[in-house]
Number of protein chains: 2
Amino acid sequence: MSKLLKAYDRSRVPLYIQVASVLRTRIQSGQWAAGEKISTLEELEQEFEVARVTVRQAVDILREEGLLQARQGLGTFVSRKTQDRHWVKLATNWNSLIESLKGNVPRRLSIDYDSKPNLADSDGELASSYVKLRSVQYRNEDPYSVVNVHLAREVFDLKPDRFKNAAALVTIDEMREITLRNAHQMLVIGSADPEVADLLKIPIGAPTVEAHCVVIDDGGIAIYVGDIIYRSESIKLQIDLLGPQPVLPKRGRNGVKVDLPRRKSRRA
Amino acid sequence: MSKLLKAYDRSRVPLYIQVASVLRTRIQSGQWAAGEKISTLEELEQEFEVARVTVRQAVDILREEGLLQARQGLGTFVSRKTQDRHWVKLATNWNSLIESLKGNVPRRLSIDYDSKPNLADSDGELASSYVKLRSVQYRNEDPYSVVNVHLAREVFDLKPDRFKNAAALVTIDEMREITLRNAHQMLVIGSADPEVADLLKIPIGAPTVEAHCVVIDDGGIAIYVGDIIYRSESIKLQIDLLGPQPVLPKRGRNGVKVDLPRRKSRRA
DNA sequence: CTCAATTTGTTCGTATGTATG
DNA sequence: ACATACATACGAACAAATTGA
């Protein structure tokens with residue numbers, strides 16, 4: 001029994017697929033550079049402790065993907081053109097979040113006028129009613145996130161047309177009449193259900209990044225609740241550990257007067 | 001051809017596994033409450049457009065997991081005791097990071113005295129030499145992260161014994177003689193290679209959160225470079241969008257004099 | 001109590017995919 | 001390339017348990 005069979009039992013994914021993904025990672029991470037000759041079939045056979053045919057199946061997959069080229073009698077080589085992935089940087093503060101949304105064009109899927117969001121503990125209080133907006137975000141014709149937004153009805157009614165056609169947060173950011181008390185985001189790793197898989201063009205069960213984003217106004221009401229599902233492939237998160245700059249009130253030039261977070265309580 | 005077959009082609013994961021994970025998500029998300037009767041086999045058959053037996057295989061998996069209970073003639077029900085997962089909150093600032101590390105006991109795997117870390121663009125300059133520490137972090141006997149730390153040799157030599165036996169960042173935090181200029185973290189979603197899968201007790205290819213954490217001293221040298229791989233299951237990330245409090249210099253009571261990040265440049 | 005409707009449980013046959021040696 | 005074994009997936013038929021009319 002191969003060393004991997006214990007792990008194989010855990011995963012249930014066909015062995016040759018597993019081997020393929022390990023090899024793919026080695027190429028994409030640069031562990032095997034472009035043009036380089038990779039281990040021989042025999043070496044791989046021994047390393048993974050699987051049959052020769054199984055290794056071949058794995059290599060075949062990567063050949064179809066264009067990552068590998070095999071030449072009889074010579075060996076298997078990493079293709080030259082290994083274009084690196086283009087990353088989408090997830091925003092970790094209000095300003096960059098708004099900035100990143102400005103260019104985006106959401107494709108609206110549906111609007112539902114009678115729906116309530118799920119709130120966690122520190123997500124403020126429910127508004128009396130919400131409008132639910134569903135859309136998909138694209139970047140170069142490629143879908144990269146599914147967005148489910150619950151917008152407090154009173155806020156939506158202030159600029160219904162604008163909210164229907166632009167990113168909701170950008171619109172909120174522009175509205176002088178709204179003052180924010182808090183805005184936060186909770187991220188977890190999930191996996192794509194059939195519907196999301198279809199929208200994002202990824203396999204069912206593929207890992208996703210699920211963001212639960214809540215904006216609370218000065219009345220303590222959750223006026224915006226966004227549940228956003230990103231395809232995890234192209235997501236990067238940059239976090240400055242030593243105090244990212246606080247959002248300063250001067251930001252008000254754009255209309256939003258932001259309450260500074262309280263210095264206390266956080267570490268209580 | 002079933003609606004899912006196109007997606008199936010994308011994923012290559014056995015159909016019944018895919019169906020099982022969708023059902024599992026519905027239960028864990030509370031979409032199907034505890035005690036509730038779920039759709040009949042026939043309905044699921046139609047929804048997923050797969051054969052009866054395939055649905056049954058999926059249900060069987062969840063029964064073995066204890067999530068479902070089936071009763072002939074009656075239906076299939078969600079088990080009462082759906083204990084929710086216990087999350088590990090990833091730290092997003094220095095103080096909470098240090099705090100979260102203090103209790104932890106790393107199990108050292110190896111020490112390598114001749115190894116260089118991979119640095120990204122804004123990761124500062126390389127020190128002349130590094131010590132590489134490899135360990136696994138546990139929480140209640142369960143492994144949850146694999147840690148690969150490169151520590152500047154000069155820093156390591158100041159307290160070699162301490163660094164060998166405690167979390168490196170905590171030790172750095174305690175050292176008066178070190179002043180920090182910058183510390184940041186880059187997160188991406190990856191997948192487990194055989195070695196990591198074995199250490200974290202997860203299937204090969206299971207999604208992981210890869211953190212690239214860099215600490216730069218006042219000389220611009222990357223004195224600490226940690227590549228940490230978390231099992232993604234139990235990771236939560238909480239981000240305050242409206243200005244998380246900056247780490248104040250008063251923190252120096254603990255020995256570390258921290259340079260405030262510069263107000264400029266960031267948005268240049 | 002019996003009957004019918006509903007729903008899970010079981011089995012057969014067949015075709016294809018996966019993995020070994 | 002071949003022979004073997006087992007896993008995956010389909011469709012269909014039938015058996016067994018539960019409920020309510």
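To find a chain, count down the sequence lines: A is the first, B the second, and so on, and within it residues start at 1. Here the structure is a predicted model, which means the values were calculated and not measured.
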Taking any strand in view, what nucleotide pairs with D:dA1 in a Watson-Crick or G-U wobble way, both distances under 3.5 Å?
none
B:Ile229 and side-chain contact (heavy atoms from CB on, under 4.5 Å): which partner among B:Val209, B:Leu199, B:Thr208?
B:Thr208
Rounding to a whole Å, what distance do you find between B:Arg52:CZ and D:dT8:P?
20 Å
Among all residues two or more places apart in sequence or in another chain, which pass the side-chain hydrogen bond (donor to acceptor under 3.5 Å, both in side chains) test with B:Arg71?
none
A:Asp142 with A:Arg139: basic N within carboxylate O range, under 4.0 Å:
no
Identify, between B:Val53 and B:Leu41, the residue whose nearest nucleotide on DNA chain C lies closer to the 5' end.
B:Leu41
Expressed as a whole number of angstroms, how long is the span from B:Ile38:CD1 to C:dT8:C1'?
11 Å
Rounded distance (Å) that lies between atom P of D:dC10 and atom OH of B:Tyr16
13 Å
In whole angstroms, how far is the C1' atom of D:dA7 from the CD atom of A:Gln57?
14 Å
Side-chain N or O of B:Thr40 closer than 4.0 Å to phosphate OP1/OP2 of C:dT6:
no
Atom pairs under 3.5 Å: protein N/O with N/O of nucleotides 17-21 of chain D:
residue: D:dA17; atom: O4'; partner: B:Gln72; partner atom: OE1; Å: 3.2

Output side-chain donor-acceptor pairs under 3.5 Å for residues 185-197 of chain A, partner residues at least two apart or in another chain, one line each.
residue: A:Asp193; atom: OD1; partner: A:Glu195; partner atom: N; Å: 3.1
residue: A:Asp193; atom: OD1; partner: A:Val196; partner atom: N; Å: 2.8
residue: A:Glu195; atom: OE1; partner: A:Arg134; partner atom: NH2; Å: 3.4
residue: A:Glu195; atom: OE2; partner: A:Arg134; partner atom: NH2; Å: 2.8

Starting at atom CD1 of A:Ile17, determine the distance to atom C1' of D:dT8, rounded to an integer number of angstrom.
13 Å
Euclidean distance, atom CD of residue B:Glu45 to atom P of C:dT7 [Å, nearest integer]:
12 Å
Taking only side-chain N and O atoms of A:Thr54, does any of them lie within less than 4.0 angstrom of OP1 or OP2 on C:dT18?
no
Side-chain (B:Gln18) to main-chain (B:Val13) donor-acceptor, under 3.5 angstrom:
yes
Phosphate contact (C:dT18 OP1 or OP2) by A:Arg56 side-chain N/O below 4.0 Å:
no
Among C:dT8, C:dA19, D:dA9, which is the nearest nucleotide to the side chain of B:Ala70?
C:dT8
Please report, rounded to the nearest Å, how far the P atom of C:dT8 is from the CZ atom of B:Arg63.
10 Å
Could you tell me the separation between the CD atom of B:Glu42 and the P atom of C:dA5, rounded to a whole number of Å?
14 Å
Counting only heavy atoms from other residues, nucleotides and ligands, does the tally under 6.0 Å from CG of B:Asn118 exceed 12?
no
Nearest to the side chain of A:Pro14 - C:dT7, C:dA19, D:dG11?
C:dA19
Salt bridge check: are A:Arg24 and A:Glu64 linked by an N-O gap of less than 4.0 Å?
no
